[in-house]
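See below for the structure under consideration.
By convention in this document, chain letters (A, B, ...) are assigned in the order of the sequence lines, proteins followed by strands, and residues within each chain are numbered from 1. Hydrogens, waters and symmetry mates play no part in the numbers below; they use all other heavy atoms, side chains included. Because the structure is a prediction, the values reported are computed rather than measured.
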There are 2 protein chains.
Amino acid sequence: MYKEKEDLHAVQKDYYKDNRKMYVATDCIIFGFDSGNLKLLLFQRRVAPLSGEWSLIGSFVNLDEDVSAAAERVLEETTGLKNVFMEELKVYGAANRDPGYRCISVGQYALIRLNEYDKELVKEHGAAWYDVNDLPPLVLDHGQMVKDALAKLKQKARFQPLGFELLPEKFTIPQLQSVYEAIFQKELDTRNFRKKVFSHNVLVKLDEKDKTSSKRGAFLYKFDHKRYKRLIEKGNDFEVF
Amino acid sequence: MYKEKEDLHAVQKDYYKDNRKMYVATDCIIFGFDSGNLKLLLFQRRVAPLSGEWSLIGSFVNLDEDVSAAAERVLEETTGLKNVFMEELKVYGAANRDPGYRCISVGQYALIRLNEYDKELVKEHGAAWYDVNDLPPLVLDHGQMVKDALAKLKQKARFQPLGFELLPEKFTIPQLQSVYEAIFQKELDTRNFRKKVFSHNVLVKLDEKDKTSSKRGAFLYKFDHKRYKRLIEKGNDFEVF
DNA sequence: AAAATTAATGTATAATTTACATTTATTATC
DNA sequence: GATAATAAATGTAAATTATACATTAATTTT
């Protein structure tokens, strides 16, 4: 399928001879949000070595597979979810990062809605949700990947509407604020938060209320992707929060 | 050196068998700045196929080499420079991106000072500087890499002091403004620019003037890395410009 | 001495961000 | 059915930051 004799990189043709191989993997940092906290989907190895150790969910990238497709495959295999927010984090390419193979890993972080994933699948895979502030030790450099992903999320969420990816399609403003407080790791002022949130005019107020967390109930809203898209196409480079 | 039989990833042990290989390369998007314009160091292939075609400068990643080290090696081999600003851009991992090998490439962008590199080396390698607004067609997905790197530079330069990496250690404010105008692709107001630049208190005014571009001459400044570091350690998350 | 050229500077207005406390809608309880 | 309890919803004034804009200063060349 791939013609290795072809001489496109002729100058460097003696790389990777002698049957030694470079492996490429991808590891997914899968974030969720529930009751005020960011969660991470981890997977408990069931086979030796490192059986029982916690790890991010990953896979080798197939030879005929796009790197991004490999991450999407992993995500779908364990959660049943497709078409969710997923973005490259960083390459983990230290020569000695994996004692088994020479293996680089492309870290990719995903934001999913905890009301949408397939719980059966998750259970089957020996995966479980952990609070990001209370993680078990992770294999290899996965702890670093999580740290990097959290930092990136914090940074990106300022200018891109990522908070919405972690909530159900219909959400309340207090819920939204809570997501951003978890991402930014600080409390926000209700009035100022609402002011900013509404100022962009990308939320649609629904006629329903969510009464699960108060007697009064809070109105539900939807994020209007089209309006948002139109905004940024106009060259608007605003802070979401 | 790497024990491929070790069973760390036992579940996935049948990946990459049959002698098929995954190659990992790195391509460097090397930026410079001169007379008002961002420049890119390109390399003209000297061997078939694609001889004479322009390309970013890259290399396969050696089996015992960190991915970042590979990029540093490439940069040093062609420019003689070490310890310059270099950061990962993105992984280019489409299965069909390279017709020769199954090869993913880690794009890494570097910012260098055009007064510091080794001109002999550059010539020896058949490399040359191109204005980013006037590039020849590039092989494979290298054109996309450049586009992505420019976008990232534009985005990052807002919050990180990257402009300084493209100027000599001693520079004038008009030069600095010119760098930022090139990065942001828009003209900036001199007075407002100076106000912002000085407000962070990270520039040290020298007693010398640069007279190459005016009769009056412009004072030279240095960027004070220590002061900047102290600022961000205090949690200051300010816009550089 | 005058002309030419780029460097350097300040201020007023608009826009944005911040800090802060009360009222409202609803359910549960007495 | 009145009262208590609870979280949701709202506005304003002050401070900070961003923007728009034109003149003077230093030096060299003619």
Side-chain angles (χ1 to χ4, degrees), chain A residues 34-36 157-159 163 167-168 170-182 184-222 231 234-241, chain B residues 34-36 157-159 163 167-168 170-182 184-222 231 234-241:
Chain A
D34 186 34
S35 40
R158 238 177 102 184
F159 296 99
L167 290 175
K170 297 176 182 181
F171 53 85
T172 68
I173 305 299
Q175 281 168 356
L176 189 64
Q177 181 174 339
S178 171
V179 169
Y180 278 96
E181 288 178 333
F184 295 143
Q185 303 242 69
K186 70 170 177 189
E187 299 203 340
L188 302 171
D189 177 88
T190 320
R191 283 161 292 184
N192 294 338
F193 181 80
R194 280 169 190 266
K195 234 185 292 172
K196 197 138 201 189
V197 140
F198 292 136
S199 72
H200 304 120
N201 208 22
V202 290
L203 295 190
V204 181
K205 188 175 188 173
L206 306 178
D207 255 347
E208 307 167 61
K209 279 188 168 183
D210 172 318
K211 298 213 169 176
T212 56
S213 63
S214 85
K215 289 159 185 171
R216 179 176 175 177
F219 278 104
L220 288 163
Y221 289 81
K222 275 188 161 180
L231 266 189
K234 275 194 226 151
N236 241 325
D237 176 27
F238 56 84
E239 272 188 294
V240 183
F241 298 104
Chain B
D34 187 34
S35 38
R158 237 178 103 184
F159 296 100
L167 289 174
K170 297 175 182 184
F171 53 85
T172 68
I173 306 298
Q175 280 168 357
L176 189 63
Q177 180 174 342
S178 172
V179 169
Y180 279 95
E181 288 177 334
F184 296 142
Q185 304 243 69
K186 68 169 176 191
E187 299 203 340
L188 303 171
D189 177 87
T190 320
R191 285 162 289 184
N192 295 339
F193 180 80
R194 282 170 187 264
K195 234 182 295 173
K196 197 138 201 190
V197 140
F198 292 135
S199 71
H200 303 118
N201 208 24
V202 291
L203 295 189
V204 180
K205 188 175 187 173
L206 305 178
D207 256 348
E208 308 166 62
K209 279 188 166 183
D210 173 318
K211 298 212 169 175
T212 55
S213 64
S214 84
K215 290 161 184 172
R216 179 177 175 176
F219 278 103
L220 287 163
Y221 290 80
K222 273 188 165 181
L231 265 189
K234 277 195 226 152
N236 240 326
D237 175 28
F238 55 85
E239 271 189 292
V240 183
F241 299 104

Strictly below 4.0 Å: does [X] bring a side-chain N or O up to OP1 or OP2 of [N]?
| X | N | value |
| --- | --- | --- |
| A:Lys215 | D:dA8 | no |
| A:Lys209 | C:dT26 | yes |
| B:Lys196 | D:dA18 | yes |

Whole-Å distance between [N] [atom2] and [X] [atom1]?
| X | N | atom1 | atom2 | value |
| --- | --- | --- | --- | --- |
| A:Phe193 | C:dT17 | CZ | C1' | 15 Å |
| A:Glu187 | C:dC20 | CD | P | 14 Å |
| B:Arg194 | D:dA18 | CZ | C1' | 18 Å |
| B:Gln175 | C:dT6 | CD | P | 14 Å |
| B:Leu220 | D:dA26 | CG | P | 18 Å |
| B:Leu188 | D:dC21 | CG | C1' | 15 Å |
| B:Phe238 | C:dT17 | CZ | P | 18 Å |

#### Entry: A:Asp210 side chain near A:Phe171 side chain, heavy-atom distance below 4.5 Å
no
Quiz prompt | Nucleotide of C:dA8, D:dA8, C:dT6 approaching B:Phe219 most closely (side-chain heavy atoms) | solution =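 Of C:dA8, D:dA8, C:dT6, C:dA8 is nearest to the side chain of B:Phe219.
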Of the candidates D:dA9, C:dT27, C:dA7, the side chain of A:Lys211 sits closest to C:dT27
Requested in this report: Classify the ring geometry between B:Phe193 and B:Tyr180 as parallel (under 30°), tilted (30 to 60°) or perpendicular (over 60°).
Outcome: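 Tilted.
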Judged by nearest nucleotide, the residue sitting upstream toward the 5' end of DNA chain D, B:Ser214 or A:Ile173, is A:Ile173
- Got more than 12 heavy atoms from elsewhere within 6.0 Å of NZ, B:Lys170?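 Counting other residues, nucleotides and ligands, NZ of B:Lys170 stays at 12 neighbours or fewer.
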For nucleotides 10-14 of chain C, which of its nitrogen or oxygen atoms have a protein nitrogen or oxygen under 3.5 Å away, and what is each distance?
residue, atom, partner, partner atom, Å
C:dT11, O4, B:Lys195, NZ, 2.8

Overall bend of the helix from C:dA1-D:dT30 to C:dC30-D:dG1 (five pairs an end, 10° steps) is 10°
Hey, would you say the B:Phe159 and A:Phe159 ring centroids sit under 6.0 Å apart? yes
Checklist entry - Base, sugar-phosphate, or nothing: which does A:Glu239 touch, judged by heavy atoms less than 4.0 Å apart? => result sugar-phosphate
What does A:Ser213 touch in the nucleic acid at a heavy-atom separation under 4.0 angstrom: a base, only the sugar-phosphate, or nothing? sugar-phosphate
Between [X] and [Y], is there a donor-acceptor pair closer than 3.5 Å when you use the side chain of the first and the backbone of the second?
| X | Y | answer |
| --- | --- | --- |
| B:Asp189 | B:Arg191 | yes |
| A:His200 | A:Glu239 | yes |
| A:Gln177 | A:Leu188 | yes |
| B:Gln175 | B:Leu167 | no |

* Going from CG on A:Leu206 to OG1 on A:Thr172, what distance comes out if it is rounded to the nearest 0.5 angstrom? ->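 One finds 11.5 Å between CG of A:Leu206 and OG1 of A:Thr172.
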request  = Tell whether B:Arg216 reaches the base of C:dT5 with its side chain through a donor-acceptor pair below 3.5 angstrom.
outcome  =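 Side chain to base: no pair below 3.5 Å.
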A:Lys205 to A:Tyr221, cation-pi by 6.0 Å centre distance and 45° axis angle =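 That pair does not qualify as a cation-pi contact.
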